[in-house]
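Below is one structure, written out as structure tokens, with a few remarks after it.
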Number of protein chains: 2
Amino acid sequence: MGRRELDPRKEKILQVVTDDYIESAEPVGSRTIARKHKLGLSPATIRNEMADLEESGYLKQPHTSAGRIPSHRGYRYYVNTLMEQKQLTDDELAFIKAEFDPKHKPAEFDSLLQRTTKILAALTKYPSLILTPRLQEAHFRHIHLVSMDTNHILGLVVMDTGFVENILLETPVAYTQDDLNKISTFLSSKLQGVSLMDFGTAIVNQLKTEAQFGEAFDDTLQLLLTALGKKKQERIYVDGTINILEQPEFKQVEKFKLLMGILEEEGKLLNLMNQALQKRGLNICIGEEINDDAVEDCSMVTATYEVDGRILGAVGVLGPTRMDYAHVVTVVDFVAKCLGGFLTEK
Amino acid sequence: MGRRELDPRKEKILQVVTDDYIESAEPVGSRTIARKHKLGLSPATIRNEMADLEESGYLKQPHTSAGRIPSHRGYRYYVNTLMEQKQLTDDELAFIKAEFDPKHKPAEFDSLLQRTTKILAALTKYPSLILTPRLQEAHFRHIHLVSMDTNHILGLVVMDTGFVENILLETPVAYTQDDLNKISTFLSSKLQGVSLMDFGTAIVNQLKTEAQFGEAFDDTLQLLLTALGKKKQERIYVDGTINILEQPEFKQVEKFKLLMGILEEEGKLLNLMNQALQKRGLNICIGEEINDDAVEDCSMVTATYEVDGRILGAVGVLGPTRMDYAHVVTVVDFVAKCLGGFLTEK
DNA sequence: GTTAGCACTCATTGACTGAGAGTGCTAACA
DNA sequence: TGTTAGCACTCTCAGTCAATGAGTGCTAAC
């Protein structure tokens, strides 16, 4: 990052072209540059430089006799070394702060994430995504079994991330609530602090040997394990899909439909967002760097959110490659930090 | 319904025009009708009849020298008296049956409804909506309180619809789990069968007098009541929004954006769907019958789903007024019944 | 190395056209 | 009196064509 590949003047021109194109969505010509930005250069000189930049793959032309636009490589260079970090405006800051006001009742996870997605969409004007906390990363805090009827018990699992999960178990034998209370206490004390990721067959076997609740208990425990594993662990919240309609590149229905299709397919989105989890903190994917053919000419800016140093999930924004990176990066980064902070307090 | 307002020939023509327009999305001319449907009438005669139908408000013309299309009034008449009920094809039937196979593990509510929305969208090719079961209609089955830490307890409320709700309560005093178990048993026995709608201050007061758990208990109970009331009770699941892009009337971005905006606004959708709950069973709203200005030229077909005769929620489809009513009505009706049936079994 | 000048390319726009589909009206017909 | 044929008229849509304007590459001069 930041390795200098281009001489300063070329850099400047690449920057100006990119900035301008991001703002106007129109190919940028040499005359425009000479006029708008006082570089002390004539259009002809700029043309020469731009021709060079095109040859080395940073710029491209939609067609002869049009201005230049950045190639994916150009965007990458721009993002890595040229982009000037933008500050959040006071309004934006106030807006976000208000939403994450700790005075807000500790709402359900659900609506917290939903609201966060809305915030992100509202601030960036792009479709926004949030990946829910991964259950595997969470550690057990409490387990409680409640008798429902003769052959059903309800398992209540509370994780240290504040996540609560209900699991309905079918049991061959009837437990009294007293039995279940004893078992609950036992399980809670044994499993407290264990992460769900580690809660595998090994631990279950160990519990079986230590416990003295009869062999029916073994079956129940096994059921709990499998049910917990089967729980749909990750979800994606999406908001602001309409925002893409504001982007001129999606005025052609076909392009739009393609992106829209992805935004409605949770599986695909999960893939995209899980990529983001690989790397702590901020992540920018441009064009083909996103591993999905359908999102041609899209970029994704994501940031992980953490509690106690554990990466729980990610928030992100999906937009055209001609995205206002400077702004989006700032917003996404900040919102991710706020979300992490908010969850930590709870 | 079914009141005969038009003479048979006019009815026939209105029906043909509507059927044809629903299929082709093109204004229907007299020649087309004469050619396609053997009415034994010349185009000229049909023209005369259509002119009459236009005058009495059942048909309209996009512009002179175009064919006719049904007005909202025309659609209404069509839906009420002319439409021929369609049967589900074997494929469709098999598809739905497979999804509601009782062998499917009793998944979480969440994903059940999500899947149902997908089914509806896939079958109708229109955006589909489902309103989650209203909590108020449900009756208590179990209440269980679990001690979390010195000043938090987790309330677990199980309703007879299979709905499970977790509520985190802050308590001024520390309860032992033993205390909580006693309280849980007490509450469960007292509240079993009470509907959430009836669970108001009156019942809480009665419980307070009957219980002998000290005055701290009163506060906790009060907390439970308010928290339960505050729970976000209704949600809307949406799927298949892209489907509207297939409809020619939404090729103009503006129209599309309008509808899309609504589909992203949960509050608006809640309003729309709550209308549907007013009336048991199937409901068709055409054009301005939907109480929302933004859905100009849209229709909504909804059906309530029930468990034990209680209306829990509704499923529905939102599409252009030029909607394949015959098909949609059949599908929506059937899916609603399946969903109700599935929930009853659980 | 920089710049002015010029010929060239390409997308966009608006005006115009003809074809096609459909209507309303009138007059003839059964 | 209801039905039909014929005809002039209207309106949309797709296509053609030329003008416009923004931008380029190249060459030659500074």
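Since this is a predicted model, take the numbers as computed values, not measurements. Labels below follow one simple rule: chain letters A, B, ... track the order of the sequence lines, proteins then strands, and each chain is numbered from 1.
- A straight line from CG of A:Leu53 to P of D:dG23 spans 17 Å, rounded to a whole angstrom.
- Put simply, CG on B:Leu41 is 11 Å from P on D:dA5, counting in whole angstrom units.
- Checked against D:dT3, C:dA11, C:dT3, the side chain of A:Ser42 finds its nearest nucleotide in C:dT3.
- Ion pair A:Lys125/A:Glu246 not flagged as a salt bridge, since none of the NZ, NE, NH1 or NH2 atoms sits closer than 4.0 Å to an Asp/Glu carboxylate oxygen.
- Atom CD1 of A:Ile244 and atom CG of A:Leu259 lie 4.0 Å apart (nearest 0.5 Å).
- Taking the six-membered ring where tryptophan is involved, the planes of B:Tyr75 and B:Tyr325 are tilted, since the angle between them lies from 30° to 60°.
- A salt bridge is defined here as a Lys NZ or Arg NE, NH1 or NH2 lying under 4.0 Å from an Asp or Glu carboxylate O, and A:Glu289 with A:Arg76 meets this definition.
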I need a per-nucleotide contact map over nucleotides 19-29 of chain C, read 5' to 3'. Cutoff is protein heavy atoms under 4.0 Å; write B for the base, S for backbone only, - otherwise. ---BBB-----
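- Along DNA chain D, the nucleotide nearest B:His63 and the nucleotide nearest B:Gly40 are compared for position; the residue whose nucleotide lies closer to the 5' end is B:Gly40.
- For A:Gln252, the CD atom sits in a packed shell: over 12 heavy atoms of surrounding residues, nucleotides or ligands are nearer than 6.0 Å.
- A distance of 9.0 Å separates CD of A:Glu266 from OH of A:Tyr237, quoted to the nearest 0.5 Å.
- Protein atom CD1 of A:Ile33 is 10 Å distant from nucleotide atom P of D:dG23, rounded to whole Å.
- A stem is defined here as three or more consecutive Watson-Crick or G-U pairs, each with both distances under 3.5 Å; for DNA chain D these stems are C:1-30 with D:1-30.
- With hydrogens and angles disregarded, no donor-acceptor distance shorter than 3.5 Å links the side chain of B:Gln61 to the backbone of B:Ile69.
- When the P atom of D:dA5 is taken as reference, atom CD1 of B:Ile46 falls 12 Å away, rounded to whole Å.
- Considering B:Lys60, B:Arg73, B:Arg68 as possible partners of B:Glu54, the one that fulfils the salt bridge (charged side-chain N to carboxylate O under 4.0 Å, His left out) test is B:Arg68.
- B:Leu39 has its CG atom 16 Å from the C1' atom of D:dG2, to the nearest Å.
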